[in-house]
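Read through the structure below, which is laid out as structure tokens, and then see the notes.
Heavy atoms only: backbone and side chains are in, while hydrogens, waters and symmetry mates are out. Sequential numbering from 1 along the given sequence is applied to the chain's residues.
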Amino acid sequence: MGKRVAVVLAGCGVYDGSEIHESSAVLVHLSREGAQAEVFAPNISQMHVVDHVKGQPMPEQRNVLVESARIARGNIKDLAQMDVKGLDALIIPGGFGVAKNLSTWATQGKNCTVCREVEDVLRAFHAAQKPIGLCCISPVLAAKIFPGCEVTVGHDTECDKWPYAQTAESLRELGCKHVNRPVTEIHVDPRHRLVTTSAFMCNAPIHEIYDGIGKMVQEVVRLA
């Protein structure tokens with residue numbers, strides 16, 4: 001029987017939900033590792049809806065669970081129904097939905113709050129010493145909840161390749177240790193059982209992002 005891994009989504013689409021390529025990569029790599037993915041999302045309203053052609057907010061409202069179901073092909077559960085005892089690990093892909101729907105990082109940075117259901121799930125996996133995989137912007141959730149943890153969001157010097165590098169300094173201000181890693185690599189915090197990789201925090205070819213996520217998934221499954 002393969003490991004049962006919870007995957008928590010934040011909507012559908014990079015600018016207002018979960019990053020679709022990252023989410024798909026997680027599911028593909030879990031399948032390759034023989035793990036059983038169980039997809040969840042909070043049943044809450046999105047912060048806003050973004051027109052992905054124009055990159056601008058639209059005057060409508062959508063639900064995070066309903067939109068996440070697009071990625072999960074309808075096979076999804078309300079995060080409130082998650083039973084951590086029956087699961088072996090947790091993975092949260094990135095995308096602005098993490099910073100807008102799962103937390104208020106997009107508007108408040110290091111002073112953000114984390115969605116109560118998301119925080120409860122993270123704390124439950126952490127307390128049970130079950131591994132947690134985080135990519136792209138989602139390591140900010142761990143940094144906010146677990147002071148002193150170690151994560152990577154890529155690099156801490158902003159440039160064309162690393163346009164979001166200032167995030168690393170915000171993580172340090174939260175008391176987190178940020179470790180620079182290439183997009184194809186991961187960082188493992190053995191004490192907190194966190195596995196992180198930068199994914200689309202880096203302007204890199206999509207296959208490199210896919211490979212980095214693959215290493216994250218492999219290590220999470222190995223630790224489970």
Side-chain angles (χ1 to χ4, degrees), residues 7-28 39-74 76 79 91-115 118 134-141 143-144 151-171 178 182-184 196-213 216:
V7 179
V8 174
L9 300 181
C12 181
V14 58
Y15 298 130
D16 57 12
S18 286
E19 212 295 322
I20 297 171
H21 296 291
E22 292 180 13
S23 302
S24 178
V26 166
L27 296 174
V28 169
V39 187
F40 298 83
N43 187 10
I44 58 175
S45 295
Q46 293 184 186
M47 172 183 153
H48 62 186
V49 178
V50 175
D51 180 330
H52 278 58
V53 174
K54 298 178 180 178
Q56 298 174 351
M58 300 167 61
E60 62 176 89
Q61 185 58 263
R62 298 186 187 181
N63 178 277
V64 173
L65 177 61
V66 172
E67 292 303 296
S68 298
R70 295 174 179 270
I71 298 174
R73 297 174 58 86
I76 195 168
L79 186 58
I91 295 178
I92 304 180
F96 281 98
V98 172
K100 294 177 176 179
N101 305 327
L102 304 190
S103 72
T104 59
W105 184 276
T107 56
Q108 295 179 294
K110 65 182 184 346
N111 297 315
C112 74
T113 58
V114 177
C115 169
V118 175
L134 304 163
C135 66
C136 194
I137 192 64
S138 63
V140 303
L141 301 174
K144 183 66 180 182
V151 299
T152 188
V153 290
H155 279 253
D156 56 6
T157 301
E158 190 169 327
C159 61
D160 288 344
K161 186 174 182 178
W162 297 99
Y164 309 108
Q166 71 276 9
T167 304
E169 182 56 33
S170 296
L171 298 181
H178 179 267
V183 67
T184 55
T196 53
T197 191
S198 60
F200 277 104
M201 296 295 276
C202 182
N203 280 332
I206 194 168
H207 71 276
E208 293 185 2
I209 290 162
Y210 183 91
D211 290 347
I213 291 172
M216 177 194 72

Val153/Thr196 under side chain to side chain contact (heavy atoms under 4.5 Å, CB included): CA gap, chis, key distance, verdict: CA-CA 7 Å; Val153 290; Thr196 53; over 6 Å; no

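Between the side chain of Lys144 and the backbone N or O of Cys112, at least one donor-acceptor pair lies under 3.5 Å. No donor-acceptor pair closer than 3.5 Å links the side chain of His155 to the backbone N or O of Ala165. The backbone N or O of Val98 sits less than 3.5 Å from a side-chain atom of Ser103, completing a donor-acceptor pair.
For Ile44, the side-chain contact (heavy atoms from CB on, under 4.5 Å) partners two or more places apart in sequence, or in a different chain, are Pro42, Val64, Cys115.
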N/O donor-acceptor pairs under 3.5 Å from side chains in residues 7-19, not counting sequence neighbours:
unit_1: Asp16; atom_1: OD2; unit_2: Val50; atom_2: N; d: 2.8
unit_1: Ser18; atom_1: OG; unit_2: Ala10; atom_2: N; d: 2.7
unit_1: Glu19; atom_1: OE1; unit_2: His21; atom_2: N; d: 2.7
unit_1: Glu19; atom_1: OE1; unit_2: Glu22; atom_2: N; d: 2.8

Side-chain donor/acceptor pairs under 3.5 Å, residues 197-211, sequence neighbours excluded:
unit_1: Thr197; atom_1: OG1; unit_2: Glu185; atom_2: O; d: 2.7
unit_1: Asn203; atom_1: ND2; unit_2: Asp160; atom_2: O; d: 2.6

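Using a 4.5 Å heavy-atom threshold, the side chains of Val39 and Ile71 count as separate.
Smallest separation of non-hydrogen atoms from Leu65 and Asn63: N-OD1, 2.9 Å. Lys100 and Met47 make their closest contact through O-CB, 3.5 Å (heavy atoms, listed as atom of the first residue, atom of the second, distance).
Within the model, atoms OG1 of Thr152 and CG of Leu171 stand 9.0 Å from one another, a figure rounded to the nearest 0.5 Å. Here the CE-CD1 distance, from Met216 to Ile91, works out to 4.5 Å after rounding to the nearest 0.5 Å. If you take NE2 on His48 and CD on Gln56, they are separated by 11.5 Å, rounding to the nearest 0.5 Å. With rounding to the nearest 0.5 angstrom, the OG atom of Ser170 is 9.5 Å from the CG atom of Asn111. Distance check: Gln46 CD to Arg62 CZ gives 7.0 Å after rounding to the nearest 0.5 Å. Atoms CZ and SG, from Phe96 and Cys136 in turn, are 8.0 Å apart once rounded to the nearest 0.5 Å.
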